[in-house]
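For reference, the structure is listed below as structure tokens.
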Amino acid sequence: MAEYDAASLVVDRNLALELVRVTEAAALAASRWIGRGDKNSADGAAVDAMRKAFDTVAISGTVVIGEGEMDEAPMLYIGEKIGLGGPEVDIAVDPLEGTSITAKGGPNAIATVALAERGGFLHAPDIYMDKIAIGPGLPEGLVHLDAKPEENLRELARAKKCDIGDLMVCTLDRDRHKEMIAACRKAGARIMLLPDGDVAGVIAVSQAGTGVDIYMGSGGAPEGVLAAAALRCIGGQMQGRLMFEDEEQVSRAREMGVTDPKRIYSIYEMARGNVMFAATGVTGGPMLHGVRRSAAGATTHSIVMRSKSGTVRYIEGHHNFARKPAAFLA
Ligand code: VTB
């Protein structure tokens with residue numbers, strides 16, 4: 001049982017719910033662009049709405065995972081100070097995880113945010129990260145990034161007391177995963193190939209009902225940190241290794257504090273201490289319903305969770321466009 005500190009609990013709890021407002025705002029704004037073939041406008045709308053929503057949250061936040069460096073991104077750039085003032089926290093954002101999916105009206109696009117105490121997040125550069133994740137209740141270290149796919153599947157099947165053929169692997173549908181996919185298929189496992197959206201893909205390992213047993217493969221490193229924050233709250237194991245393509249990327253990462261470029265990061269090194277995570281569905285998927293719009297308003301579906309308590313909440317928001325400030329509707 002954790003120690004009880006009423007004052008800090010109130011701050012924590014309220015903050016977690018505030019985060020949902022932020023992801024709702026981004027999702028509502030992005031939802032106007034679903035299926036319209038314009039991923040940049042969808043992303044821009046989400047970023048803009050999320051940035052405005054942060055102005056009303058009582059934190060002294062620093063963006064550590066954001067839309068890019070200060071000279072690349074006008075808003076939510078790395079190092080930007082956000083919030084109304086309050087506890088010093090670090091913020092990781094992906095206002096629209098799945099810009100292409102949104103543009104095509106495909107599944108699983110989300111607006112997402114995570115929050116940690118100062119210094120809690122790995123400052124992941126915008127490169128690929130190799131990732132592996134499994135759900136809660138399994139022996140620590142059961143699967144490993146350096147093990148072959150068939151070895152990890154064998155261990156997982158043994159621990160889950162099932163056949164490899166019962167396991168579902170989730171990964172991004174990319175050419176770079178061809179060998180890994182072939183190895184999983186050869187071992188007899190089933191595979192769910194995602195067009196995009198590996199934050200939701202990783203979280204799926206820890207959610208009953210998605211049918212996903214293990215996530216493997218590479219995707220964005222910032223997305224890896226967001227997924228790690230979520231798994232810290234909901235339970236599960238994850239490892240990540242940054243994938244550098246050249247020396248320049250290595251030296252830029254050094255400046256961001258990455259000392260060992262080959263390091264395999266544990267979930268606790270990617271998201272340390274108390275963390276919170278929130279996401280709102282933009283388009284529907286196994287984790288969240290998408291935004292549903294009508295003339296009068298819109299319905300949103302969000303998940304919010306805290307590592308401290310382990311509570312996972314699903315929040316359905318009914319938004320009345322006649323009363324909601326226009327700034328949040330973008
Ligand atoms: C993933 C996915 C994202 O980037 O991280 C992916 O979750 C990785 O890059 O939705 P590639 O598309 O080059 O494989 C996204 O697709 C876009 O940020």
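Start at 1 and go down the list; that is how both ligands and their atoms are numbered. Numbers here are sequence positions counted from 1. These values consider heavy atoms only, across backbone and side chains, with no hydrogens, waters or symmetry-generated copies.
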Under the side-chain hydrogen bond (donor to acceptor under 3.5 Å, both in side chains) test, residues paired with Asp198 that sit two or more places apart = Lys131
Could you tell me whether Glu155 and Arg158 have a side-chain N and a carboxylate O separated by less than 4.0 Å?
-> yes
salt_bridge(Glu69, Arg252) N-O dist < 4.0 Å = yes
For residues 258-265, which side-chain donor-acceptor pairs fall under 3.5 Å, sequence neighbours excluded?
from: Asp260; atom 1: OD1; to: Lys262; atom 2: N; distance (Å): 3.0
from: Arg263; atom 1: NE; to: Glu269; atom 2: OE2; distance (Å): 3.4
from: Arg263; atom 1: NH2; to: Glu269; atom 2: OE2; distance (Å): 2.3

In order of chain and number, which residues sit within 4.0 Å of ligand 1 by heavy atom?
-> Glu97, Gly98, Tyr128, Leu172, Arg174, Arg176, Asp196, Gly197, Asp198, Gly219, Gly220, Glu223
Would a 4.5 Å heavy-atom cut-off, applied to side chains only, mark Gln237 and Glu140 as touching?
-> yes
Solution key, residues 85-94 side-chain donor-acceptor pairs under 3.5 Å, sequence neighbours excluded:
from: Glu88; atom 1: OE1; to: Arg118; atom 2: NH1; distance (Å): 3.4
from: Asp90; atom 1: OD1; to: Arg118; atom 2: NE; distance (Å): 2.5
from: Asp90; atom 1: OD2; to: Gly119; atom 2: N; distance (Å): 2.8

